[in-house]
Amino acid sequence: MEARCSVLVLALAAVLSVSVAYDPLDPNGNITIKWDIMSWTPDGYVAVVTINNFQMYRQIMAPGWTLGWTWAKKEVIWSMVGAQATEQGDCSRFKANIPHCCKRTPTVVDLLPGVPYNQQIANCCRGGVISAYGQDPGAAVAAFQVSVGQAGTTNRTVKVPKNFTLLGPGPGYTCGPGKIVPSTVFLTPDRRRKTQALMTWNVTCTYSQHLASKYPSCCVSFSSFYNDTIVPCAKCACGCEHKTCVQGDSKRPLTVTGKHEHAHALAARGHRDREAPLLQCTTHMCPVRVHWHVKLNYKEYWRAKIAITNFNYRMNYTQWTLVAQHPNLDNITEVFSFDYKPVVAYGSINDTAMFYGLKYFNDHLMQAGPYGNVQSEVLMRKDASTFTFRQGWAFPRKVYFNGDECQMPPPDAYPYLPNAALPAAVASLGTAVAAVVALLVLVVV
């Protein structure tokens, strides 16, 4: 009986671990790492490693990606182009040529922009930043070249590395095993000849928000022109435990895990704390808030305003993305100040839109402060068969910022349409018509 229960628990855990990594709005989204062996060397091979981001609205921001693995044998990295191992490891057994990295579990990061040309290859050296595929497909890729020694020199003797890990830049990604696939085919620049890799394997990594963080990283608030109520983010929507916040500005006391300290005390705590979020003190304690305001109502159109506010003093969100799910987003007429693309996960359903900043204008959401917000308005055509302001219909069903789902307000807190609004308007119109008719009668008489 106990054995059966253990098997059931393990099976349930496996199902749940898979399900939390599935995104219904981007069912095919993943990061695929491809290794192409381009040539053999006396003791190994030279490979080009390509990181392709096939996620529609989740990018990798600064400080960028970190890729790790475990060698299957006693391989070493002789040299790299377009990336570098963070540690060399113990190379004392080598007397003449010293390898770039001798660790059995190397950790590799991208090079920064501006490195010498002889250290670059195509799609490298962006500081680890990779765009979302739906936002900029051309920048949704990174690559580097690695020369591996003490490895096999044929397809039969080469062993695929194991235990791949990917940080982007934080946790959340789970990588499967490397799988040998048909060799990649390349076209020469004149497109008249095809060449192919000597050997290719792929590694697929998927993202789970539950693995990345215990709490959401953003929250949503609502307001409307037809109700004075402003629905704020829920209290402690992103968790309040063990968070550092600032009252107003960094010169005021900081609240750190229940204690009050001054800014100079925080500065003395070292590199680890400097990398942790430093939030403006709010009731929701979220790094980012998305506000949706139902602004105007026209005869055939209606308008909503979207504002994104950054409450993190230590983070600039580069090439941010915002995804909203709403039944009227299939009929967008115009988007002001943002770029927009529909996210069509399923052929017959078009209720999801991705918004992102205009390049060189507002594609950077600056750190908390007077410039830490971006905003736009969306004009949508009404569908007479579905449009209504009742029961919170005008507000989105789901909101994602940078690929992470935001905490929504509870449904019973949405701004409601006053019950007397429509009858009162009709009564006022009836009274006006009656007055005009009476006036005409008096004139005629």
Side-chain angles (χ1 to χ4, degrees), residues 25 56-59 61-62 129 131-140 217-226 230-233 280 286-298 300-313 315-344 350-382 387 389 394-406 408 415:
L25 298 184
M56 292 301 295
Y57 47 80
R58 183 178 293 107
Q59 74 282 67
M61 300 189 307
V129 175
S131 297
Y133 188 81
Q135 183 178 9
D136 187 355
S217 58
C218 54
C219 64
V220 182
S221 58
F222 292 146
S223 62
S224 67
F225 71 89
Y226 55 76
I230 298 177
V231 180
C233 290
Q280 180 179 329
C286 290
V288 172
R289 182 191 66 199
V290 179
H291 185 76
W292 180 286
H293 174 66
V294 180
K295 185 175 181 180
L296 292 171
N297 181 31
Y298 306 103
E300 296 182 355
Y301 301 89
W302 66 289
R303 186 188 293 246
K305 183 176 181 178
I306 303 171
I308 309 171
T309 304
N310 184 4
F311 292 98
N312 189 348
Y313 285 98
M315 175 67 75
N316 294 331
Y317 293 93
T318 305
Q319 297 180 343
W320 57 267
T321 62
L322 178 74
V323 172
Q325 188 178 32
H326 188 281
N328 213 162
L329 290 176
D330 64 345
N331 222 348
I332 290 179
T333 301
E334 189 171 357
V335 178
F336 307 88
S337 304
F338 288 173
D339 266 334
Y340 149 78
K341 283 184 180 179
V343 177
V344 185
N350 180 19
D351 64 350
T352 307
M354 178 177 70
F355 304 96
Y356 51 97
L358 301 172
K359 200 167 186 178
Y360 306 122
F361 177 59
N362 59 0
D363 58 339
H364 285 60
L365 176 57
M366 303 301 290
Q367 65 188 25
Y371 302 106
N373 69 88
V374 291
Q375 52 189 301
S376 180
E377 296 186 6
V378 182
L379 184 67
M380 290 165 278
R381 178 183 288 273
K382 295 178 180 178
F387 178 81
F389 282 132
F395 298 99
R397 280 47 172 168
K398 287 185 177 182
V399 173
Y400 294 73
F401 180 78
N402 276 2
D404 284 341
E405 187 173 354
C406 301
M408 303 288 285

With sequence neighbours left out, what residues match Phe401 under ring-ring contact (aromatic ring centres under 6.0 Å, His included)?
Tyr317
Cys406/Cys218 sulfur gamma separation below 2.5 Å
yes
Test of understanding: with side-chain hydrogen bond (donor to acceptor under 3.5 Å, both in side chains), list the residues that count as partners of Arg58, not counting sequence neighbours.
Gln55
Any side-chain donor paired with an acceptor under 3.5 Å for His291 and Thr309?
no
Strictly by salt bridge (Lys or Arg N to Asp or Glu O under 4.0 Å), give each pair with a member in residues 351-376 just once, sequence neighbours left out.
none
Can you give me the closest heavy-atom contact between Met408 and Pro396, atom names plus distance?
CE-O, 3.2 Å
Inter-residue atom distance Arg397.CZ - Gln325.CD, 0.5 Å rounding:
8.5 Å
For Ser131 and Gln319 the tightest heavy-atom approach is OG-OE1, 2.7 Å
CG/Leu296: more than 12 non-hydrogen atoms of other groups inside 6.0 Å:
yes
One should read off an interatomic distance between His326 NE2 and Met380 CE, to the nearest 0.5 angstrom, of 6.5 Å
To the nearest 0.5 Å, what is the distance between CD (Glu405) and CG (Leu25)?
8.0 Å
Using side-chain heavy atoms (C-beta onward) and a distance below 4.5 Å, is Val288 in contact with Asn312?
no
Please say whether more than 12 non-hydrogen atoms of neighbouring residues, nucleotides or ligands are located less than 6.0 Å from NZ in Lys305.
no
Identify, with sequence neighbours excluded, every residue that meets side-chain contact (heavy atoms from CB on, under 4.5 Å) alongside Pro415.
Phe222, Ser224, Asn227, Val231, Phe395
Given side chain to side chain contact (heavy atoms under 4.5 Å, CB included), test Val129 with Gln59 step by step and report yes or no.
CA-CA 8 Å; Val129 175; Gln59 74 282 67; over 6 Å; no
Partners passing side-chain hydrogen bond (donor to acceptor under 3.5 Å, both in side chains) against Asn362 (at least two apart in sequence or in another chain):
none
What closest approach, in Å, do Met315 and Asn310 show between heavy atoms, and which atom pair accounts for it?
O-ND2, 2.8 Å
Please test Thr352 against Tyr400 for side chain to side chain contact (heavy atoms under 4.5 Å, CB included), starting from the C-alpha separation and ending with a verdict.
CA-CA 11 Å; Thr352 307; Tyr400 294 73; over 6 Å; no
Validation: residues 327-337 side-chain donor-acceptor distances under 3.5 Å, sequence neighbours left out:
{"from": "Asn328", "atom 1": "OD1", "to": "Trp302", "atom 2": "NE1", "distance (Å)": "2.7"}
{"from": "Asn328", "atom 1": "ND2", "to": "Arg381", "atom 2": "O", "distance (Å)": "3.0"}

Heavy-atom check, side chain of Leu379 versus side chain of Tyr298, under 4.5 Å:
yes
The side-chain hydrogen bond (donor to acceptor under 3.5 Å, both in side chains) partners of Lys398 (sequence neighbours excluded) come to none
Sequence neighbours excluded, the answer for side-chain hydrogen bond (donor to acceptor under 3.5 Å, both in side chains) partners of Glu377 is Lys295, Arg303
Locate the shortest heavy-atom distance separating Cys233 from Ser221; write the atom from each residue and the value.
N-CB, 3.9 Å
Phe387 versus Asn297: any side-chain heavy-atom pair under 4.5 Å?
yes
Between the CG atom in Asp404 and the OG1 atom in Thr321, the distance rounded to the nearest 0.5 Å is 9.5 Å
Please check this pair: side chain of Gln135 against backbone of Tyr356, looking for a donor-acceptor N/O pair closer than 3.5 Å.
no
side-chain contact (heavy atoms from CB on, under 4.5 Å) partners of Met56, counting only residues at least two apart:
Asp26, Tyr133
Taking distance alone, no hydrogens or angles, what donor-acceptor pairs closer than 3.5 Å link side-chain atoms of residues 364-374 to residues at least two apart or in another chain?
none

Tyr340: which residues meet the ring-ring contact (aromatic ring centres under 6.0 Å, His included) condition with it, sequence neighbours left out?
Phe355
Kindly write out the residues that satisfy ring-ring contact (aromatic ring centres under 6.0 Å, His included) with Phe361, not counting sequence neighbours, or none if the list is empty.
none
I would like to know whether Phe311 and Tyr313 meet ring-ring contact (aromatic ring centres under 6.0 Å, His included); could you show each step before the answer?
CA-CA 6 Å; Phe311 292 98; Tyr313 285 98; 9.1 Å; no
